[in-house]
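What you see is a predicted model, and the numbers here were worked out from it, not measured in a lab. Chain A is the first sequence line, chain B the second, and so forth, proteins listed ahead of strands; every chain is numbered from 1.
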Amino acid sequence: MTTALDVCAITKRFGALKAVDEVSFRVSRGEIMGFIGPNGAGKTTTMRICSTLELPDTGDVQVDGVSVTENPREARRRIGFMPDSYGAYANTSIDDYLDFFARAYGLRGAARTAVIERSIEFTSLGDLREKYIDSLSKGMKQRLCLAKTLLHDPAVMILDEPAAGLDPRARVELRELVKALAGMGKAILLSSHILSELAEMCTTITVIERGQVRGSGAVETVAQGVTSGQRIFVRALAGVDALQRRLLELPQVSKVHAEREGLAFDFLGDERALSELLANLAASGLGLIEFAPKAVDLEDVFLSLTEGKLQ
Amino acid sequence: MSTQATMTERLGDRLNPILVKEVRQALRGKYFRVLFWITLLVGTLIGLGVIAEAGSEPSIETGRVFFMTIFGVLSAAVHCFVPFSAFLSTSAEWDENTYDLLIISNLRPRQIVQGKLLSALIQALLYYSTFGPFLVFAFLLNGIDLGSVAVILAGSFALCIALTLSGVAASSLASNKILRVVIMALFGLGLMAVWGMSLGLAAAITFEPQVLRSIEGQVAFVVFLTAALVLALLANAVALARFAHEEENRSTPLRVIATVIVVFATLWGTWLVAEFGAGEAMMGCQAAAVLLSFLPWLLLSTEPEELPRRTSASAPRSRVLALLQAAYIPGGGRGALLCFLLGALAVSGSLLGMRFASGSLPIALDVTVAVAAMYAYLLVFSTLAGGIGAYFVRRASARLVLRIAVVVAVPVLIIVPSLMAIFLDSNDGSDAFSHGFNPFYVVYALGQGERPTLALVGLALAVALSLVVNAPRVYSGLCEILAASRTVRTKGTDAPAA
Ligand SMILES: Nc1ncnc2c1ncn2[C@@H]1O[C@H](COP(=O)(O)OP(=O)(O)OP(=O)(O)O)[C@@H](O)[C@H]1O
Ligand SMILES: [Mg+2]
């Protein structure tokens with residue numbers, strides 16, 4: 001797969017604060033990368049650097065082979081950025097809005113009309129074209145912004161929290177749109193705080209905290225890096241506290257933490273050791289009712305990679 | 001029919017996108033329509049009132065009053081409403097966060113400013129074409145000759161352009177909303193003042209048409225046009241700088257304009273002195289230049305010190321060229337350098353010009369001392385705080401505070417000592433404003449042939465202090481340029497090998 005977005009050791013300071021610290025990752029064509037991290041981690045700043053809106057202090061980003069620091073105008077032709085907050089012009093219809101941005105990209109005549117039609121069709125905004133933007137719902141505005149982002153057919157799309165504030169149906173629709181875009185061979189970098197959402201569509205993730213990358217790669221790879229051994233979920237009649245006390249006495253058990261009504265923990269030993277552990281727990285009179293290996297999900301990855309310290 | 005349609009379509013394709021958008025918005029919105037009809041109604045009613053008042057025998061006087069009434073309304077429209085709506089529409093780009101969208105759509109700052117200007121001018125033209133027939137009617141009433149009408153309209157249109165660009169520039173100054181409201185209020189007040197001024201000028205021409213036939217009147221008109229042009233260029237440069245990417249070179253155009261202002265003032269002054277033999281002309285021109293230069297000089301000398309990355313990559317390869325250009329390359333230290341160079345240029349230019357134009361050395365010296373004092377104040381106000389601030393200020397917000405503090409400090413320095421004089425002095429306080437912190441007093445006194453020695457010594461010390469304070473950053477600014485030029489050079493020699 002060819003790399004479309006290559007972020008190479010970028011650093012950005014705001015005064016004394018290092019908002020982005022030596023961040024590197026790559027996104028290939030057709031790949032959807034989830035970009036996750038706590039508030040203030042530096043996601044938006046990284047994305048703005050990739051979109052030429054901010055200049056890194058050091059490092060560089062290549063968009064489809066074009067450097068954002070050396071050739072920002074060329075890079076902008078290849079990138080579609082959907083910011084997390086943006087406004088709508090007053091007294092402007094969807095058609096006018098798209099027409100304006102298509103003109104800004106230098107599209108003329110029939111080419112412009114065709115491009116606008118394509119974007120409107122893709123985002124199913126056809127019935128609303130004459131509506132004024134200020135009267136659109138949040139979901140419709142989000143679609144419109146996506147349509148605008150698609151006008152110049154960028155190779156790389158950067159979406160900053162596109163699902164924020166959307167209702168469940170709109171979210172599902174957005175997900176389908178994003179998948180369709182990836183199917184068209186675009187590289188997509190997408191940030192969100194809704195991890196279940198990301199798990200549904202992302203092929204890879206990058207976790208960032210306090211400006212530093214904590215993990216990056218395919219979801220399973222990153223997850224393996226997070227867990228040592230395998231993760232087990234247990235539940236017992238005796239309650240969480242008694243169970244935890246017992247678990248901590250046992251060998252090869254680590255990272256015990258509460259989950260739903262029970263506990264989850266990492267187990268370092270092999271299958272035989274695991275079966276001994278189960279026998280041990282069953283014999284300890286805690287009233288074991290659930291004992292199951294558990295797939296690591298994005299939430300686990302997120303919680304174990306980030307420390308929760310606000311920047 | 002269809003070829004015509006494609007012709008217009010093709011033409012429409014070439015239009016500035018911002019212009020198309022803004023005109024569509026204006027046509028759909030209420031603001032412009034309501035204002036337009038109200039203006040037209042008010043103009044018509046007052047005009048009819050004037051004619052009714054005159055009765056059956058309209059005199060020349062009726063025609064003149066009629067003209068002035070209509071012009072008053074037109075002037076309110078093109079000198080207040082239009083520039084103000086340009087201010088509002090630019091300010092909307094910040095409020096709505098659409099500015100980033102404009103930039104990533106590859107619109108250039110130049111296109112943004114031009115689009116805002118053009119769409120405002122279209123509104124202005126609508127007003128002109130609506131009120132045009134009324135003005136012709138005034139001509140039919142025998143109130144005014146067509147030449148005067150043409151001069152007044154040309155002047156008012158030039159002023160409209162300058163004010164509209166100022167509106168765009170003013171609203172681009174602060175992305176902070178509260179600050180922008182303050183700027184909006186100031187700008188609105190300024191527009192009202194300009195409205196009054198334009199009425200005064202139009203009345204002078206209307207009631208004394210022979211003014212335009214005298215050489216003084218014609219010179220005054222050209223000076224007026226020049227001032228409008230310079231204001232327009234200045235505002236344009238400021239707006240372009242503010243709209244450019246943070247790391248792009250936002251400062252060189254402003255530096256060029258700052259230079260143009262000083263050169264223009266010196267040349268104009270020299271020409272006026274040669275033509276009319278009055279030394280005041282040079283002082284007047286330089287005083288106007290100093291007032292116009294205050295803001296740009298302050299902006300330049302309080303810029304961040306470091307060379308932006310994109311700019312440093314395009315530094316000239318030749319060491320000598322790099323040094324020669326230094327004052328025109330972004331950076332606070334280099335900005336201060338430019339201010340000092342321009343100050344020196346204005347003073348020496350005035351001396352030479354006066355010597356050449358008036359032929360008398362003593363007069364030339366007198367005028368030059370006054371000019372030197374003006375620029376000394378300008379230098380101190382614009383570079384001293386910037387030089388000191390350069391040691392502390394790092395954040396953009398602190399920089400903004402510094403700039404505002406300097407702008408506020410100037411009137412405070414004039415007023416506070418005066419108030420103290422009024423309260424502390426036993427006499428009536430009539431000379432309360434005659435103190436060394438008041439540049440207007442010192443320059444005026446010098447013009448009158450007085451020598452306020454204490455003030456002059458203080459001023460000289462302040463200039464020396466600001467030289468000392470700025471010297472380190474000017475030096476490091478020059479070193480930085482040389483280093484950038486070296487980097488470019490080594491990169492350049494590496495390239496063929498690779
Ligand atoms: N223009 C700026 N000036 C100063 N500090 C800034 C600026 N932009 C961002 N920051 C700071 O940089 C850090 C990273 O901010 P950023 O917006 O990139 O975080 P984020 O990961 O997008 O957070 P969120 O999840 O809340 O959107 C924050 O501490 C923020 O306060
Ligand atoms: Mg963010």
Quick check for you: to the nearest 0.5 Å, what is the distance between [X] atom [atom1] and [Y] atom [atom2]?
X        : Y        : atom1 : atom2 : result
B:Leu19  : A:Arg103 : CG    : CZ    : 9.5 Å
A:Cys145 : B:Leu101 : SG    : CG    : 6.0 Å
A:Glu74  : B:Asn106 : CD    : CG    : 8.0 Å
A:Tyr89  : B:Arg28  : OH    : CZ    : 15.0 Å

Quiz prompt | Electrostatic pair B:Lys21:A:Asp99 at N-O distance under 4.0 angstrom | solution = no

Neighbour count >12 (heavy atoms, 6.0 Å) for atom [atom1], [X]:
X        : atom1 : answer
A:Arg73  : CZ    : yes
B:Leu27  : CG    : yes
B:Arg399 : CZ    : yes
A:Arg26  : CZ    : no
A:Glu121 : CD    : no

Practice problem: Go through A:Ser85, A:Ser51, A:Gly80 and name the one with the most non-hydrogen pairs under 4.5 angstrom from chain B. | Solution: A:Ser85

Practice problem: Heavy atoms only, distances under 4.5 angstrom: which of A:Ala102, A:Pro83, A:Ala90 has the most pairs with chain B? Name it, please. | Solution: A:Ala90

Quiz prompt | A:Ser93 portion near chain B, given a 4.5 angstrom heavy-atom threshold | solution =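 Both backbone and side chain of A:Ser93 come within 4.5 Å of chain B.
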
Quiz item: Is chain B contacted by the side chain of A:Arg48, its backbone, both, or neither, given a heavy-atom distance below 4.5 Å?
Solution: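 When you check distances to chain B, only side chain atoms of A:Arg48 fall under 4.5 Å.
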
Quiz item: If you take all heavy atoms of A:Lys148 and B:Ser105, which pair is closest and at what distance?
Solution: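 What the structure gives for the nearest pair is CE-OG, 4.5 Å.
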
Quick one, [X] and [Y] - any side-chain contact, counting heavy atoms below 4.5 Å?
X        : Y        : answer
A:Ile79  : B:Ile104 : no
B:Ile103 : A:Arg76  : yes
B:Arg24  : A:Thr92  : no
B:Leu102 : A:Phe100 : yes

Quiz item: Side chain, backbone, both or neither: which part of B:Gln111 has a non-hydrogen atom closer than 4.5 Å to chain A?
Solution: neither

Quiz item: Where does B:Ile18 contact chain A at under 4.5 Å (heavy atoms): side chain, backbone, both or neither?
Solution: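 Both backbone and side chain.
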
